[in-house]
Amino acid sequence: SFYFEFNPILRVSDKFSFDYEFSYTLRNNDKGYSGRSSDSIYFGRRDVKYIENSLNGRYMFMNNLSLSLSVRHYWSVGVYDMYYLLQNDGYLLDLNNTNLGQNFNFNAFNIDVNFSWEFAPGSLLNFNYKNEIVAEDDKVDQGYFYNFSSTFKQDQLSRFSLKLIYYLDFQRLKRG
């Protein structure tokens with residue numbers, strides 16, 4: 001395995017900061033689950049690569065009022081070169097010259113925007129917007145930038161949420 005991470009943080013002012021994170025993981029000859037048929041479970045030996053890029057920013061209007069933005073792309077690609085059959089005793093039986101075609105190419109792109117307001121001690125109002133794109137196929141011979149751009153051809157899923165948390169001080173109510 002090989003792992004590398006780069007994560008600079010920039011604080012522009014007391015109110016505004018952002019950070020960028022890049023991580024790269026490479027696992028050669030990794031053994032993992034590859035699929036199943038009606039009564040058989042298959043594992044495989046594979047080379048897996050993970051790349052993640054994310055950019056996060058936060059602006060504090062006041063100590064109790066903030067807006068944050070997070071943009072993230074995650075790419076994982078796996079190429080199998082050998083397959084095994086899981087035996088009842090937990091051991092793996094080598095399946096010589098078998099190609100089950102389980103290579104994978106997975107992309108996820110997310111955007112999150114969060115507005116948070118603490119309007120009383122322990123009481124919060126959060127508004128969140130999330131946009132998500134997921135793409136998965138078995139085309140493992142494409143590069144990072146091809147995968148990144150082709151992810152945007154997939155359907156998007158957008159969600160809005162509003163959450164209100166109100167702290168009720170029972171002791172104070174009891175006295176009043």
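Worth knowing before you read on, the calculation uses all heavy atoms, side chains too, and leaves out hydrogens, waters and symmetry mates.
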Item to check | N-O pairing of D14 and R11 below 4.0 Å | outcome: yes
Next on the checklist: Is the shortest side-chain heavy-atom distance between L92 and Q87 below 4.5 Å?
Outcome noted: no
Item to check | Candidate pair V113 and N128, rule side-chain contact (heavy atoms from CB on, under 4.5 Å), full reasoning | outcome: CA-CA 6 Å; V113 178; N128 185 270; over 6 Å; no
Checklist entry - What class does the angle between the rings of Y59 and F16 fall in, given that below 30° is parallel, 30 to 60° is tilted and above 60° is perpendicular? => result tilted
Checklist entry - Quick one: does K130's side chain get under 4.5 Å of E132's, heavy atoms only? => result yes
Item to check | Derivation of the side-chain contact (heavy atoms from CB on, under 4.5 Å) call for L125 and L162 | outcome: CA-CA 7 Å; L125 178 65; L162 183 64; 3.8 Å; yes
Checklist outcome for this item: To the nearest 0.5 Å, atom CZ of R46 lies from atom CG of D81 at 11.5 Å
Next on the checklist: Quick check: do L86 and F43 have side-chain heavy atoms less than 4.5 Å from each other?
Outcome noted: yes
Checklist entry - Within a reach of under 6.0 Å around CG of D94, are more than 12 heavy atoms found that belong to other residues, nucleotides or ligands? => result yes
Checklist entry - Side chains of Y144 and N53: is there a donor and an acceptor less than 3.5 Å apart? => result yes
Checklist entry - Does a side-chain heavy-atom distance below 4.5 Å link Y166 with F119? => result yes
Checklist entry - Under 30°, 30 to 60°, or over 60°: which ring-plane class applies to F148 and F109, parallel, tilted or perpendicular? => result perpendicular
Checklist entry - What orientation do Y129 and F160 show, parallel under 30°, tilted 30 to 60°, or perpendicular over 60°? => result tilted
Checklist entry - If you measure from CG on D138 to CG on N103, what distance do you get to the nearest 0.5 Å? => result 7.0 Å
Item to check | Reported OG1-to-OH distance for the pair T25 and Y3, which is rounded to 0.5 angstrom | outcome: 5.5 Å
Checklist entry - Can you find a heavy atom in the side chain of V77 that is under 4.5 Å from one in the side chain of V48? => result no
Checklist entry - Hey, does the Lys NZ or Arg CZ of K15 hover above the aromatic six-ring of F61, less than 6.0 Å from the centre and inside 45° of the axis? => result no
Next on the checklist: Between N64 and E118 (side chain of the first, backbone of the second, donor and acceptor by atom type, cut-off under 3.5 Å), is there such a pair?
Outcome noted: yes
Checklist entry - Between the main-chain N or O of Y167 and the side-chain N or O of S123, is there a donor-acceptor pair closer than 3.5 Å? => result yes
Next on the checklist: Walk me through whether E5 and E21 qualify under side-chain contact (heavy atoms from CB on, under 4.5 Å).
Outcome noted: CA-CA 7 Å; E5 182 176 323; E21 182 178 348; 3.6 Å; yes
Checklist entry - Would the number of heavy atoms belonging to other residues, nucleotides or ligands and lying under 6.0 Å from CZ of R58 be above 12? => result no
Checklist entry - Taking atom CG of D30 and atom NZ of K49, what is their separation to the nearest 0.5 Å? => result 15.0 Å
Checklist entry - Would you say the side-chain atoms of N7 pair up with the backbone N or O of Y20, donor to acceptor, closer than 3.5 Å? => result yes
Item to check | N131 versus N110, side-chain donor and acceptor atoms under 3.5 Å | outcome: no
Checklist entry - Just how far is it from atom CG of L85 to atom OH of Y42, taken to the nearest 0.5 Å? => result 6.0 Å
Next on the checklist: So, taking the atom named CG in L67 and the one named CH2 in W117, what distance separates them when rounded to the nearest 0.5 Å?
Outcome noted: 15.0 Å
Checklist entry - Take atom CG in N88; do more than 12 heavy atoms of anything else shown fall under 6.0 Å from it? => result no
Next on the checklist: Assess the residue pair Y50 and R27 against the criterion (side-chain contact (heavy atoms from CB on, under 4.5 Å)); give the C-alpha distance rounded to whole Å, side-chain angles, the decisive distance to 0.1 Å, and a yes or no.
Outcome noted: CA-CA 9 Å; Y50 309 93; R27 289 185 177 163; 3.9 Å; yes
